[in-house]
Amino acid sequence: EAGPLFCFDATISGAGKGKLLRVLATIGGLQAVPMRSWKSDEERAKELAAALACGTRLMAFDEVSKTLQSECVRTITTSDTYASRILGKSQEQQWSTHGVTLAVLGNNLQPGADMPRRMVLIRQTPQTADPTARTGWRYPRIEQEVLGRQAELLARCLCVVSEYIRAGRPGAAELPNVGSYAGWAE
(Lines give C-alpha, C1' and ligand atoms only; values in the text may rest on other atoms or scores of the structure.)
Protein backbone atom coordinates (compact mmCIF):
# COMPACT_ATOMS: atom_id res chain seq x y z
CA GLU A 1 0.00 0.00 0.00
CA ALA A 2 0.98 3.61 -0.34
CA GLY A 3 3.23 5.08 2.31
CA PRO A 4 3.29 8.46 4.00
CA LEU A 5 5.49 11.40 3.11
CA PHE A 6 8.60 11.62 5.30
CA CYS A 7 9.12 15.26 6.22
CA PHE A 8 12.61 16.21 7.42
CA ASP A 9 12.14 19.60 9.06
CA ALA A 10 14.52 21.77 11.09
CA THR A 11 14.50 25.07 12.88
CA ILE A 12 17.57 26.31 10.97
CA SER A 13 19.64 25.57 7.86
CA GLY A 14 22.60 23.22 8.30
CA ALA A 15 20.88 21.04 10.92
CA GLY A 16 21.71 17.85 9.02
CA LYS A 17 18.42 16.91 7.36
CA GLY A 18 20.08 15.74 4.16
CA LYS A 19 22.75 13.83 6.06
CA LEU A 20 20.10 12.06 8.15
CA LEU A 21 18.17 11.10 5.02
CA ARG A 22 21.34 9.78 3.33
CA VAL A 23 22.26 7.74 6.43
CA LEU A 24 18.78 6.19 6.64
CA ALA A 25 18.75 5.50 2.89
CA THR A 26 22.17 3.83 3.13
CA ILE A 27 20.98 1.57 5.94
CA GLY A 28 18.03 0.69 3.71
CA GLY A 29 20.34 -0.30 0.85
CA LEU A 30 20.50 2.84 -1.29
CA GLN A 31 23.89 4.33 -1.99
CA ALA A 32 22.71 7.56 -3.58
CA VAL A 33 19.83 9.91 -2.87
CA PRO A 34 19.20 12.18 -5.85
CA MET A 35 17.74 15.44 -4.59
CA ARG A 36 15.10 17.30 -6.57
CA SER A 37 14.01 20.90 -6.20
CA TRP A 38 10.48 21.69 -5.03
CA LYS A 39 9.08 23.32 -8.17
CA SER A 40 5.53 24.04 -9.18
CA ASP A 41 3.06 21.22 -8.60
CA GLU A 42 2.79 20.74 -12.38
CA GLU A 43 6.56 20.25 -12.72
CA ARG A 44 6.64 18.09 -9.60
CA ALA A 45 3.96 15.82 -11.10
CA LYS A 46 6.10 15.36 -14.24
CA GLU A 47 9.17 14.56 -12.14
CA LEU A 48 7.25 12.03 -10.05
CA ALA A 49 5.88 10.32 -13.16
CA ALA A 50 9.33 10.16 -14.76
CA ALA A 51 10.88 8.78 -11.56
CA LEU A 52 8.15 6.13 -11.22
CA ALA A 53 8.63 5.15 -14.87
CA CYS A 54 12.34 4.59 -14.16
CA GLY A 55 11.61 2.50 -11.06
CA THR A 56 12.95 5.04 -8.58
CA ARG A 57 12.11 3.91 -5.04
CA LEU A 58 13.14 7.03 -3.08
CA MET A 59 12.26 10.52 -4.26
CA ALA A 60 13.59 13.40 -2.18
CA PHE A 61 12.79 17.09 -2.58
CA ASP A 62 15.10 19.63 -0.95
CA GLU A 63 14.63 23.27 0.04
CA VAL A 64 10.87 22.99 0.31
CA SER A 65 9.21 26.34 0.94
CA LYS A 66 7.53 26.95 4.26
CA THR A 67 4.07 25.89 3.09
CA LEU A 68 4.10 22.20 2.30
CA GLN A 69 1.32 21.71 -0.21
CA SER A 70 1.11 19.45 -3.27
CA GLU A 71 -1.78 17.78 -5.03
CA CYS A 72 0.39 15.14 -6.68
CA VAL A 73 2.16 14.28 -3.40
CA ARG A 74 -1.22 13.98 -1.65
CA THR A 75 -2.29 11.58 -4.40
CA ILE A 76 0.83 9.44 -4.43
CA THR A 77 0.86 9.06 -0.64
CA THR A 78 -2.68 7.68 -0.45
CA SER A 79 -3.14 5.74 -3.70
CA ASP A 80 -1.93 2.31 -4.73
CA THR A 81 -1.32 3.61 -8.25
CA TYR A 82 -0.34 6.95 -9.72
CA ALA A 83 -1.50 7.99 -13.18
CA SER A 84 -0.07 10.70 -15.37
CA ARG A 85 -0.06 11.77 -18.98
CA ILE A 86 3.00 10.66 -20.91
CA LEU A 87 4.96 13.76 -21.88
CA GLY A 88 4.48 14.73 -25.52
CA LYS A 89 1.66 12.23 -26.05
CA SER A 90 -2.07 12.01 -25.53
CA GLN A 91 -1.68 8.83 -23.52
CA GLU A 92 -1.83 8.03 -19.84
CA GLN A 93 0.44 5.69 -17.91
CA GLN A 94 -0.12 4.14 -14.48
CA TRP A 95 2.52 3.05 -11.97
CA SER A 96 2.33 1.24 -8.66
CA THR A 97 3.23 3.29 -5.61
CA HIS A 98 4.07 0.20 -3.53
CA GLY A 99 7.55 0.48 -2.09
CA VAL A 100 7.93 4.11 -3.16
CA THR A 101 9.15 6.53 -0.49
CA LEU A 102 8.75 10.29 -0.77
CA ALA A 103 10.77 12.67 1.39
CA VAL A 104 10.85 16.44 1.66
CA LEU A 105 13.49 18.56 3.40
CA GLY A 106 12.95 22.11 4.60
CA ASN A 107 13.07 24.54 7.47
CA ASN A 108 10.09 25.46 9.66
CA LEU A 109 7.64 23.78 7.32
CA GLN A 110 3.94 24.52 7.56
CA PRO A 111 1.87 21.57 6.25
CA GLY A 112 -1.04 22.81 4.18
CA ALA A 113 -4.54 21.36 3.72
CA ASP A 114 -4.67 17.74 4.82
CA MET A 115 -0.91 17.08 4.53
CA PRO A 116 -0.40 16.44 8.29
CA ARG A 117 -2.31 13.16 8.16
CA ARG A 118 -0.23 12.03 5.19
CA MET A 119 3.21 12.64 6.68
CA VAL A 120 5.70 11.49 9.27
CA LEU A 121 7.43 14.52 10.77
CA ILE A 122 11.13 14.22 11.60
CA ARG A 123 12.02 17.48 13.35
CA GLN A 124 15.57 18.53 14.10
CA THR A 125 16.19 21.32 16.61
CA PRO A 126 19.91 22.02 16.95
CA GLN A 127 20.73 23.91 20.13
CA THR A 128 23.11 26.32 18.40
CA ALA A 129 22.86 29.33 16.09
CA ASP A 130 25.30 27.76 13.60
CA PRO A 131 24.85 23.98 13.42
CA THR A 132 27.49 23.70 10.68
CA ALA A 133 30.16 24.73 13.22
CA ARG A 134 29.46 21.80 15.58
CA THR A 135 32.46 19.60 16.41
CA GLY A 136 33.27 16.55 18.50
CA TRP A 137 31.27 14.03 16.53
CA ARG A 138 31.74 10.38 17.47
CA TYR A 139 31.64 9.55 13.75
CA PRO A 140 32.78 12.65 11.83
CA ARG A 141 32.30 10.79 8.54
CA ILE A 142 29.02 9.12 9.49
CA GLU A 143 27.96 8.36 5.92
CA GLN A 144 31.13 6.35 5.24
CA GLU A 145 30.81 4.66 8.65
CA VAL A 146 27.25 3.59 7.88
CA LEU A 147 28.18 2.39 4.39
CA GLY A 148 30.84 0.14 5.91
CA ARG A 149 28.39 -1.26 8.47
CA GLN A 150 25.18 -1.27 6.44
CA ALA A 151 24.34 -4.97 6.94
CA GLU A 152 24.98 -4.80 10.70
CA LEU A 153 22.89 -1.64 11.13
CA LEU A 154 20.03 -3.03 9.05
CA ALA A 155 20.08 -6.22 11.14
CA ARG A 156 19.90 -4.11 14.30
CA CYS A 157 16.91 -2.16 12.96
CA LEU A 158 15.14 -5.42 12.08
CA CYS A 159 15.87 -6.75 15.58
CA VAL A 160 14.13 -3.73 17.11
CA VAL A 161 11.06 -4.32 14.93
CA SER A 162 11.12 -8.06 15.62
CA GLU A 163 11.27 -7.51 19.38
CA TYR A 164 8.41 -5.04 19.18
CA ILE A 165 6.27 -7.62 17.36
CA ARG A 166 7.36 -10.42 19.74
CA ALA A 167 6.30 -8.23 22.69
CA GLY A 168 2.79 -8.01 21.23
CA ARG A 169 3.22 -4.58 19.64
CA PRO A 170 2.69 -2.53 22.82
CA GLY A 171 0.78 0.67 22.23
CA ALA A 172 -0.55 -0.39 18.82
CA ALA A 173 -4.14 -0.71 20.06
CA GLU A 174 -4.12 2.95 21.09
CA LEU A 175 -3.11 4.20 17.64
CA PRO A 176 -5.87 6.14 15.88
CA ASN A 177 -7.37 4.86 12.65
CA VAL A 178 -5.62 7.02 10.07
CA GLY A 179 -7.62 6.07 6.98
CA SER A 180 -5.25 5.23 4.16
CA TYR A 181 -2.52 4.17 6.61
CA ALA A 182 -4.47 1.66 8.70
CA GLY A 183 -2.11 -1.08 7.51
CA TRP A 184 0.88 0.84 8.87
CA ALA A 185 -0.71 0.76 12.34
CA GLU A 186 -1.57 -2.96 12.32
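Values reported hereafter were calculated over all heavy atoms of this structure, with side chains retained and with hydrogens, waters and symmetry mates removed. As the structure is a prediction and not an experimental result, all values here were calculated from the model.
- In this structure, the side chains of P4 and T77 stay at 4.5 Å or more apart for every pair of heavy atoms.
- Closest approach of R117 to T78, counting heavy atoms only: NH2-CG2, 4.2 Å.
- Contact record, P131 with I12: CG-CG2, 3.6 Å, taken as the closest heavy-atom pair.
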Problem - Derivation of the side chain to side chain contact (heavy atoms under 4.5 Å, CB included) call for K19 and I142 - result: CA-CA 9 Å; K19 185 172 286 215; I142 186 86; 3.6 Å; yes

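- Put simply, the side chain of E143 never gets that close to the backbone of R141: no donor and acceptor are under 3.5 Å apart.
- Remark: D114 CG to R74 CZ distance equals 5.5 Å, nearest 0.5 Å.
- Between the side chains of D130 and T132, a donor-acceptor pair is found at a separation under 3.5 Å.
- Between the CZ atom in R118 and the SG atom in C7 there is a gap of 14.5 Å [rounded to 0.5 Å].
- In the hydrophobic cluster analysis, where Ile, Leu, Val, Met, Phe, Trp and Tyr join through side-chain heavy atoms closer than 4.5 angstrom, Y164 is grouped apart from L158.
- Side-chain atoms of D9 do not come within 3.5 Å of backbone N or O of R123 as any donor-acceptor pair.
- The CG atom of L154 sits 11.5 Å away from atom OG1 of T26, with the distance rounded to the nearest 0.5 Å.
- Distance check: R22 CZ to M35 CE gives 7.5 Å after rounding to the nearest 0.5 Å.
- If you chain together hydrophobic residues whose side chains sit under 4.5 Å apart, L147 and L30 never meet in one group.
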Checking T11 against N107 for the side chain to side chain contact (heavy atoms under 4.5 Å, CB included) test, could you report, in this order, the C-alpha distance in whole Å, the side-chain angles of both residues, the deciding distance, and whether it holds? CA-CA 6 Å; T11 55; N107 296 317; over 6 Å; no

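- Taking both residues in full, the closest heavy atoms of R57 and G55 are given as CD-O, 3.1 Å, listed atom of the first, atom of the second, then distance.
- By the 4.5 Å heavy-atom criterion applied to side chains, T97 and T81 are not counted as neighbours.
- The distance from atom CZ of R156 to atom CZ of R149, rounded to the nearest 0.5 Å, is 6.0 Å.
- Applying the salt bridge (Lys or Arg N to Asp or Glu O under 4.0 Å) criterion to R134, with sequence neighbours excluded, gives no partner residue.
- Once rounded to the nearest 0.5 Å, the distance linking NZ of K17 with CZ of F8 reads 11.0 Å.
- Looking at D62, L24, L58, V23 one by one, the single match for side-chain contact (heavy atoms from CB on, under 4.5 Å) with V33 turns out to be L58.
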One pair to check against side chain to side chain contact (heavy atoms under 4.5 Å, CB included): E47 and K39. What are the steps and the verdict?
CA-CA 10 Å; E47 282 199 50; K39 302 172 183 162; 2.9 Å; yes

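- Other residues sharing the hydrophobic cluster of M119, ordered by chain and number and joined by side-chain separations under 4.5 Å: L5, W38, L48, L52, M59, F61, V64, L68, V73, I76, Y82, W95, V100, L102, V104, L109, M115, L121.
- Between K46 and D41 there is no side-chain heavy-atom pair separated by less than 4.5 Å.
- The shortest distance between side-chain heavy atoms of R44 and E42 does not fall below 4.5 Å.
- Cluster annotation: V120 and I27 are assigned to distinct hydrophobic clusters (Ile/Leu/Val/Met/Phe/Trp/Tyr, side-chain heavy-atom contacts under 4.5 Å, transitive).
- Between R166 and E163 a salt bridge is recorded (basic side-chain N to carboxylate O distance below 4.0 Å).
- Side-chain contact between I122 and F6 is present, with at least one heavy-atom pair separated by less than 4.5 Å.
- Using a 4.5 Å cut-off on side-chain heavy atoms (C-beta onward), S96 and D80 make no contact.
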